[in-house]
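Below, chain A is the first sequence line, B the second, and so on; all start at residue 1. Hydrogens, waters and symmetry mates play no part in the numbers below; they use all other heavy atoms, side chains included.
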Number of protein chains: 2
Amino acid sequence: MPRQRLGTDHLSSQAAILDIIRAAGTISRVELTQQSSFSAPTVSTVVRRLIDEGLVVEVGHGESTGGKRPTLLQLNPAARFAIGVHLDHGGITSVLSDLAGTIVARWKRPGIGSQEPPEVVDRIAADIRDNLARVAVDPERVIGVGVVAPGPIFQHTRMTLTSPFMERWTDFPLASALEDAIGLPVLLDNDATAAALGEYWAGAIDVRSTFAALYMGSGLGAGIVLDGTVLRGSSSNAGEAGHLCLDMNGPQCWCGARGCAEVLGGPQRVVDAAHDAGLALTGGDVLQDFAEVARAAGRGEEAAVAILRDSARYVAVCAQALANVLDLDLVVLTGPAFALAGSLYLPVVQQHLDATFFARESHSVEVLISSNAPEAAAIGACSLVLQSELSPRRPGLRAVEVALAAGS
Amino acid sequence: MPRQRLGTDHLSSQAAILDIIRAAGTISRVELTQQSSFSAPTVSTVVRRLIDEGLVVEVGHGESTGGKRPTLLQLNPAARFAIGVHLDHGGITSVLSDLAGTIVARWKRPGIGSQEPPEVVDRIAADIRDNLARVAVDPERVIGVGVVAPGPIFQHTRMTLTSPFMERWTDFPLASALEDAIGLPVLLDNDATAAALGEYWAGAIDVRSTFAALYMGSGLGAGIVLDGTVLRGSSSNAGEAGHLCLDMNGPQCWCGARGCAEVLGGPQRVVDAAHDAGLALTGGDVLQDFAEVARAAGRGEEAAVAILRDSARYVAVCAQALANVLDLDLVVLTGPAFALAGSLYLPVVQQHLDATFFARESHSVEVLISSNAPEAAAIGACSLVLQSELSPRRPGLRAVEVALAAGS
DNA sequence: CGATCATTCTTAAGGTACTGAACTAAGTTA
DNA sequence: TAACTTAGTTCAGTACCTTAAGAATGATCG
């Protein structure tokens, strides 16, 4: 007997209203009518439905402006939960987040390189069950699992990822396997894409903004969100800013091209440069070494600062490319690498955009560091699930819808 | 008394159906139900409305597949017309196009550098009237004028363009002035953006495709169309592929940045290089000189071929950047420069994408030369009007809607 | 302090768009 | 000619949204 999927009916109106409430944080019904394209009665009934479903709660009253005081509305964070799993070389980072994108629980397990995919899937499922029990969240309120990883993906077949670092996972039907193991719908996506959506969802970014999230973890990528909708492109591989060519005669990249931004200024390059400069590194994985470089820079070691600043110049050019192609008004720096060294990158990127963004006479491009940078990808994975279930979009969500349909 | 705006009601369904008919060329109602998300009865009624409005006509029957033969539908090209005006340094190119994007009339006038904007507006209006009379098109069937030009635009104020080549036009309210002069709604946009939409509209490109049009005229730009909707960004300045940075230490560009693709491989660079190589050029405007280089290459002159091939490498990297950021499945080369030398650029771009496109394991990126390359911008200007009136989109059309609202 | 007004939100009635089910139309197949 | 297949329409019902009017609640002012 199919449990009724909440929020799937009354699609457009529910989704739009909920999204405005989410972005606003706290808002009255009147303001909703102004910010949405709906009339007051429609807002009223939609809000009542949202309240009945428990997704929204009334939280007191606002100031009067000469008449009745408005009733203020907010998301009910505890109404639904989602699980986000980030597969990366360094390990599997998972979070349980509520409706507002706040982390309720987090756990991290060793990398995936050594085990076979089926074992990893079982481990992920077991960890999810354990952690749900630990924080006493009603499993009925968990609406799904988002799984994200770097690299190009073949989403239309519900297969998983193909990056040279994850060879083992090529042709393994991760989504369906995990669905079978855990009994929840599973969505699969790119980590940078997810991080961008997470920033939109949890970072209270305006519905109408045009922004990109530059994600730096063990690699460099970007996610793009336009009018609240993730830009996926024709095969869900949009946003590969790390493979913008910044030097036509540059070094070969693993992707097959030359002079990719990731090779010239990505985390691996930072670590290599630090090594060459004689900095003492533990020689762990890329991110651990990058963290040491960032700490050295934080202590004021000039070599480390110079290396990171050099990297920042390349990141800035990536941001410029994205801004010029997409006419952005916001760039968010996120991911573990920017969590460590964002304060050094931010001014470089901001100044570069101020000086070179093509339409700067028309408007500036704001640059921010995500407040959730370390777990951005995992939170983004949660947001994938939350948005697809609570605020589904018509265009551009093909892949997610396919996955949902197959997983319901 | 307000004349009823056709196609503005019943928005979503009419627009969707009409768009599918346009893309298909010829199609039956049954196929429409398959390709759209509507039921057979809905398609039936919507099609009847379109036929009543004269936008669509029945054109015989298709082959039977074991039952009743399907009635085939087509756009009625003569149902509506639009005017497209392309302002560029070399001159003002205008076309009158029908619903299918076919050129009915075209005219070209000298450049706009020497005259004051009000005079130019009067001349444009007079030319439009003359040419409508000449080809005997009922002015009632002309739904509007699209005006396009290179460079960044301030569309939200209905002002016009700001490029160093068009200083005179800064702060001149082109759209409103022309509306007053001609009595038709006027839309304003970037030339490359328009060219992309023109390619979509007149080039019968599939509704679901993700494509960009690289436009090379006197400069280099791009227009992006996703799911049939123009990507405009936050200020209608998206797609500035000519100002992607391909060399961080490259020469200064007029836009303020360094190493822009346009400077390194744009038409001006081709002309300059040809000059340096000792090719005889008449020294006219950029496009005329570019045409001579292209002809020289066509005759097999090695220096010219080498120069163009060099330019093509930069164009190819632009295409790669767009493809990687947007996950494109199609790149169209258009504009007068590619009309002249596209056959030389195309293989270079195609090979580069085949070798370096990030998601090439997932799908390839097709590269085509527009069949309307010489007048692509002007045809695109027509398409702006046609689409906004006949197949309006909700998201991303902010600027156009503002213009339409003000102009109705 | 009570009458009036402003503002917020809801109820009621009506219109539009879409759908499923049943039907007509027009062919093919045996 | 009868049975079947495919194309397209009619009809009644449903869901959603809107305008118009009303109810609730608080501010303002004589």
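A/Thr71 comes within 4.0 angstrom of the backbone, heavy atoms only, and of no base.
One finds no side-chain N or O of A/Arg49 lying less than 4.0 angstrom from the OP1 or OP2 phosphate oxygen of D/dA15. Distances shorter than 4.0 Å separate none of the side-chain N or O atoms of A/Ser13 from OP1 or OP2 on D/dC16. Applying the 4.0 Å criterion to OP1 and OP2 of C/dA25, one finds that B/Arg29 has every side-chain N and O outside that range. Dashed line: the shortest gap from a side-chain N or O of A/Ser64 to OP1 or OP2 of C/dT8 is not under 4.0 Å. Proximity of B/Ser12 to the phosphate of C/dC18: a side-chain N or O atom is located under 4.0 Å from OP1 or OP2.
In this structure, the NE2 atom of A/His61 is 7 Å from the P atom of D/dG26, given to the nearest Å. Between the P atom of C/dC9 and the CD atom of A/Glu58 lies a distance of 9 Å, rounded to the nearest Å. A straight line from CZ of B/Arg69 to P of C/dT24 spans 23 Å, rounded to a whole angstrom. When the C1' atom of D/dC17 is taken as reference, atom CG of A/Leu32 falls 16 Å away, rounded to whole Å. Rounded to whole angstrom, the span from the CG atom of B/Leu72 across to the P atom of C/dG27 amounts to 13 Å. Remark: P of D/dT6 and CD of B/Gln34 are 11 Å apart, rounded to the nearest angstrom.
Side-chain contact check for B/Phe38 versus B/Ile17: some heavy-atom pair is nearer than 4.5 Å.
In terms of modelled atom types and a separation under 3.5 Å, the side chain of A/Arg69 and the main chain of A/Gly62 share a donor-acceptor contact.
Comparing B/Gly67 and A/Thr45 by the nucleotide of DNA chain D that holds the closest heavy atom to each, the one mapping nearer the 5' end is B/Gly67. Mapping A/Lys68 and A/Val46 onto DNA chain D by nearest heavy atom places A/Val46 closer to the 5' end of the strand.
Of all nucleotides listed (D/dA7, C/dT8, D/dT10), C/dT8 comes nearest to the side chain of A/Thr65.
The CD1 atom of B/Ile379 lies 11.0 Å from the CG atom of B/Leu96; values are rounded to the nearest 0.5 Å.
Judged as a salt bridge (charged side-chain N to carboxylate O under 4.0 Å, His left out), the pairs with a partner in residues 13-38 of chain A (not counting sequence neighbours) are, in order, A/Asp19-A/Arg22, A/Asp19-A/Arg393, A/Arg29-A/Glu58.
Here the shortest heavy-atom pairing between B/Leu386 and B/Trp201 reads CD1-NE1, 3.5 Å.
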Nucleotides 18-21 of chain D: which of its N/O atoms have a protein N/O under 3.5 Å away?
| residue | atom | partner | partner atom | Å |
| --- | --- | --- | --- | --- |
| D/dT18 | OP1 | A/Ser37 | O | 3.4 |
| D/dT18 | OP2 | A/Ser39 | N | 3.1 |
| D/dT18 | OP2 | A/Ser39 | OG | 2.6 |
| D/dT18 | OP2 | A/Thr42 | OG1 | 2.6 |

>> One pair to check against side-chain hydrogen bond (donor to acceptor under 3.5 Å, both in side chains): B/Thr229 and B/Asp227. What are the steps and the verdict?
In response: CA-CA 5 Å; B/Thr229 303; B/Asp227 289 323; over 6 Å; no
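For A/Val147, the side-chain contact (heavy atoms from CB on, under 4.5 Å) partners two or more places apart in sequence, or in a different chain, are A/Val85, A/Leu87, A/Val145, A/Leu174, A/Leu178, A/Val186, A/Leu188.
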